[in-house]
Amino acid sequence: MTQKISEERAEALLEAIVARSPYRRGLQPHLVDITRIALANAQLRTALCAIAARSRVATTGVVTKRELGAEGATLHAFLEHVFFASPGFLSTVGEWPIKGAPDGL
């Protein structure tokens with residue numbers, strides 16, 4: 001069964017989760033893409049739905065560690081991957097732009 005969560009609710013939830021991340025400065029500019037990717041992925045969407053069901057982020061604007069539960073680890077791993085694969089990070093370690101890659105990479 002496909003889990004359902006609105007794009008707006010998912011973005012608000014991810015914004016609150018990103019705000020807790022040590023990588024928030026590098027992740028915040030990509031929030032729209034992070035939301036789109038998370039909703040397209042069954043594992044991430046399921047984690048978001050579980051967190052949304054117990055979260056009060058709509059009223060508080062924050063998500064607590066308790067509200068994240070076990071699913072928080074899945075989202076944190078995803079966000080960490082996004083950060084370390086981003087052009088912003090890769091450029092700091094001399095790996096961006098990718099030499100010999102087609103334009104756009």
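Only a predicted model underlies this, so the values are computations on that prediction, with no experimental measurement involved.
Annotation for Ala16 and Gly61: closest pair CB-O, 3.9 Å, computed over non-hydrogen atoms. The two residues Val63 and Ser55 have their closest heavy-atom pair at CG2-OG, 4.1 Å. The two residues His76 and Leu68 make their nearest non-hydrogen contact at NE2-CD1, 3.7 Å. Ala12 approaches Val57 most closely through the heavy-atom pair O-CG2, 4.0 Å.
Formation of a donor-acceptor pair under 3.5 Å by the Arg54 side chain with backbone atoms of Glu67 is found in this model. When atom types are taken as modelled, the side chain of Arg20 and the backbone of Ile17 share no donor-acceptor pair closer than 3.5 angstrom.
Atom CG of residue Leu14 and atom OG of residue Ser21 lie 11.5 Å apart, to the nearest 0.5 angstrom. Rounding to the nearest 0.5 Å gives a distance of 12.0 Å between CG of Leu27 and CZ of Arg25. Atoms CG and CZ, on Leu48 and Arg9 in that order, are 10.0 Å from each other to the nearest 0.5 Å.
Other residues, nucleotides and ligands place no more than 12 heavy atoms under 6.0 Å from the CZ atom of Arg56.
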Please table the atom pairs, donor to acceptor, closer than 3.5 Å between any side-chain atom in residues 32-42 and protein atoms at least two apart or in another chain.
{"from": "Asp33", "atom 1": "OD1", "to": "Arg36", "atom 2": "NH2", "distance (Å)": "3.3"}
{"from": "Thr35", "atom 1": "OG1", "to": "Leu31", "atom 2": "O", "distance (Å)": "2.9"}
{"from": "Asn41", "atom 1": "OD1", "to": "Gln43", "atom 2": "N", "distance (Å)": "3.0"}
{"from": "Asn41", "atom 1": "OD1", "to": "Leu44", "atom 2": "N", "distance (Å)": "2.9"}

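Ring pair Tyr23/Phe84 is perpendicular by interplanar angle, where above 60° counts as perpendicular and below 30° as parallel.
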